[in-house]
Protein chains: 2
Amino acid sequence: MPKSVVYNGCSVGENPLCCFDDLTQEELDFVEQNSVEVEYKRGETICKQGSFASHIMVIKEGLAKIYLENGNDTLILKILPAINIIGLPSLFDGNNTFPYSAQTYMDSTVRQIEISAFKKLIESNAKFAGQVISMLAENTVIINGRFFCLTKKQTYGRLADVLLCLSNRIYKTDKFPLQLTRKDLAELASMSVESTTRILTKFKDEGLIAVHCQEIEILNADKLLEISTIG
Amino acid sequence: MPKSVVYNGCSVGENPLCCFDDLTQEELDFVEQNSVEVEYKRGETICKQGSFASHIMVIKEGLAKIYLENGNDTLILKILPAINIIGLPSLFDGNNTFPYSAQTYMDSTVRQIEISAFKKLIESNAKFAGQVISMLAENTVIINGRFFCLTKKQTYGRLADVLLCLSNRIYKTDKFPLQLTRKDLAELASMSVESTTRILTKFKDEGLIAVHCQEIEILNADKLLEISTIG
DNA sequence: TCTTTTCGTTGATCTGGATCAGGTTTTAAG
DNA sequence: CTTAAAACCTGATCCAGATCAACGAAAAGA
């Protein structure tokens with residue numbers, strides 16, 4: 001199975017944010033002039049689904065979840081480490097609100113760019129527009145992968161996926177601080193907290209992971225990947 | 001709840017395809033010269049996940065499903081009536097394959113446009129690029145809605161959703177030919193064929209729909225919408 | 001310091017919906 | 001027309017995983 005067909009449940013892209021790389025100094029200044037930087041504490045809401053989307057955001061530091069909410073139900077679409085962009089889907093014609101909410105998992109720094117300035121850049125710089133297209137396209141593919149994972153895999157596969165994603169995509173090491181609670185993990189894997197606990201214990205008993213005080217270590221990534229693959 | 005937050009399970013956009021509207025005659029000729037039109041019969045595969053994406057497609061006539069496949073599992077991402085575009089997500093840098101498969105539900109006509117020509121248009125015409133961005137962004141929001149629906153609603157809500165979508169978005173009338181089999185409906189609502197049958201019978205018994213020979217009629221759209229909303 | 005939440009764990013129970021198994025009806029093919 | 005193959009329907013069973021309940025441990029607040 002080619003790599004592109006591996007559906008993983010925790011959607012984080014692999015391509016670094018590059019849409020600003022090719023801007024002229026003048027354009028960079030323009031972005032600078034039309035943006036502000038904001039510090040958020042853990043758990044704060046960066047943007048709220050349905051509210052006016054007056055800006056595109058770039059998460060410069062920290063970690064955030066992007067999610068849909070409807071009543072008491074929430075669905076995490078993806079988690080975003082720095083450096084990534086938030087709010088591109090609100091760019092479509094006739095829409096002026098955020099289609100999702102975002103909240104920080106830890107203290108984070110976010111740059112807000114006026115959406116009108118962002119749109120101006122798209123109109124005036126076709127290369128920039130091309131890169132926005134590229135980001136949107138990749139994002140679509142990534143979220144589709146998570147869509148598949150959450151609808152077709154069962155609990156063990158989903159949680160294995162989340163653990164592998166945290167290790168491979170977010171912290172980029174086998175041993176990482178567990179800054180997310182069981183509730184966070186459960187929400188990411190779209191299951192109950194109790195199931196999360198049970199499966200983590202099982203993984204621990206089988207020697208796939210080790211849980212220290214506030215740290216988690218992946219001991220057998222291959223086996224976890226197998227569990228993720230068979231679903 | 002604002003309209004944009006209504007998650008429906010059968011993702012079809014409401015905005016007509018408009019990205020070609022503002023092209024010059026010269027650009028339209030360029031598209032024409034770099035494209036071909038193909039006729040497909042019911043059930044034929046328009047594009048295959050993982051194969052080379054040498055072209056972007058426009059479905060000019062007919063109806064198709066866009067889906068992910070992995071082993072025996074398939075997940076329908078959206079269904080596309082004419083006139084809509086297929087393949088935008090394969091536009092991202094470093095990717096040259098289709099991220100999903102597509103298959104016709106009925107005899108359909110598809111125009112294939114060379115991807116290199118399409119990319120050239122994006123590079124040379126910022127307005128066109130802007131419209132591609134708009135389409136991708138809207139598509140993201142729509143698929144997220146289906147994502148939410150399939151992961152958070154239970155069977156009754158999902159099937160109600162599918163029926164409403166067929167009526168409102170695809171056929172645009174309360175009474176429409178049932179060209180999809182129970183298996184198709186089941187796949188769309190992501191449930192078993194048996195459950196689909198049972199729920200349809202229940203809806204019929206309760207007077208929400210009527211099923212004639214090869215035709216289905218929505219009798220109580222309000223009640224169906226309520227079922228869809230509460231999940 | 002003590003008290004109150006919040007977090008994590010484990011066992012018992014319940015249930016939505018899949019699966020299985022047996023039909024009939026419709027469509028397609030020979 | 002006959003036969004084979006889909007498509008459709010209905011009841012019985014089973015199971016993954018949610019929910020409920022109860023309790024210890026850690027963190028936060030007073």
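Chain naming here is simple, since letters A, B, ... match the order of the sequence lines and numbering starts at 1 in each.
Residue B/Ser192 is classed as a base contact, given a heavy-atom separation below 4.0 Å to a base.
Under the rule for a salt bridge (charged side-chain N to carboxylate O under 4.0 Å, His left out), the partners of A/Glu226 that lie at least two apart in sequence or sit in another chain are A/Lys223. Among residues two or more places apart in sequence or in another chain, the ring pair (Phe, Tyr, Trp, His ring centres under 6.0 Å) test is passed with A/Phe92 by none. Take A/Tyr105 and apply the ring pair (Phe, Tyr, Trp, His ring centres under 6.0 Å) test, not counting sequence neighbours, and it matches no residue. Residues satisfying the side-chain contact (heavy atoms from CB on, under 4.5 Å) criterion with B/Ser192, sequence neighbours excluded, are B/Glu194, B/Ser195. Residues meeting the ring pair (Phe, Tyr, Trp, His ring centres under 6.0 Å) test with A/Phe52, sequence neighbours left out: none. For A/Phe98, the ring pair (Phe, Tyr, Trp, His ring centres under 6.0 Å) test picks out A/His55, with sequence neighbours left out. Contacts of A/Ser167 classified as side-chain contact (heavy atoms from CB on, under 4.5 Å), with partners at least two apart in sequence or in another chain: A/Asp174, A/Phe176, A/Ile218. For A/Ala160, the side-chain contact (heavy atoms from CB on, under 4.5 Å) partners two or more places apart in sequence, or in a different chain, are A/Phe203, A/Leu224, A/Ile227, A/Ser228.
Nucleotide D/dT19 holds its P atom 13 Å from the CE atom of A/Met191, rounded to whole Å. Between the CZ atom of B/Phe203 and the C1' atom of D/dC9 there is a distance of 17 Å, rounded to whole Å. Distance CG (B/Leu159) to P (C/dG16): 17 Å, rounded to an integer number of Å. With rounding to whole Å, A/Ile216 atom CD1 is found 11 Å from C/dG8 atom P. The NZ atom of B/Lys153 sits 17 Å away from the C1' atom of C/dG16 (whole-angstrom rounding). The distance between atom CD of B/Gln154 and atom C1' of D/dG17, rounded to the nearest whole Å, is 13 Å. Between the CD1 atom of B/Ile199 and the P atom of D/dT10 there is a distance of 13 Å, given to the nearest Å. As rounded to whole Å, 15 Å separates atom C1' of D/dT10 from atom NZ of B/Lys202.
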What N/O pairs connect the protein and nucleotides 24-29 of chain C at under 3.5 Å? Give each pair on its own line.
| residue | atom | partner | partner atom | Å |
| --- | --- | --- | --- | --- |
| C/dT27 | OP1 | B/Gln214 | NE2 | 3.4 |

At a cut-off of 3.5 Å, list every protein nitrogen or oxygen paired with a nitrogen or oxygen from nucleotides 11-15 of chain D, distance to 0.1 Å.
| residue | atom | partner | partner atom | Å |
| --- | --- | --- | --- | --- |
| D/dG11 | N7 | B/Arg198 | NH1 | 3.0 |

Write out a two-atom table: protein N or O, nucleotide N or O from nucleotides 5-8 of chain D, distance below 3.5 Å.
| residue | atom | partner | partner atom | Å |
| --- | --- | --- | --- | --- |
| D/dC8 | OP2 | B/Arg182 | N | 2.8 |

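Listed pair B/Thr155 / C/dG16 fails the phosphate criterion, with no side-chain N or O lying under 4.0 Å from OP1 or OP2. For the pair B/Thr201 and D/dT10, the criterion of a side-chain N or O lying under 4.0 Å from OP1 or OP2 is met.
Counting only N and O atoms by type, the side chains of B/Glu187 and B/Thr74 include a donor and acceptor under 3.5 Å apart.
Residue pairs that meet the side chain to side chain donor-acceptor pair (under 3.5 Å) test with at least one member in residues 176-186 of chain A, sequence neighbours left out, are A/Tyr171-A/Gln179, A/Thr181-A/Asp184.
A heavy-atom distance below 4.5 Å is found between the side chains of B/Ile170 and B/Ile79.
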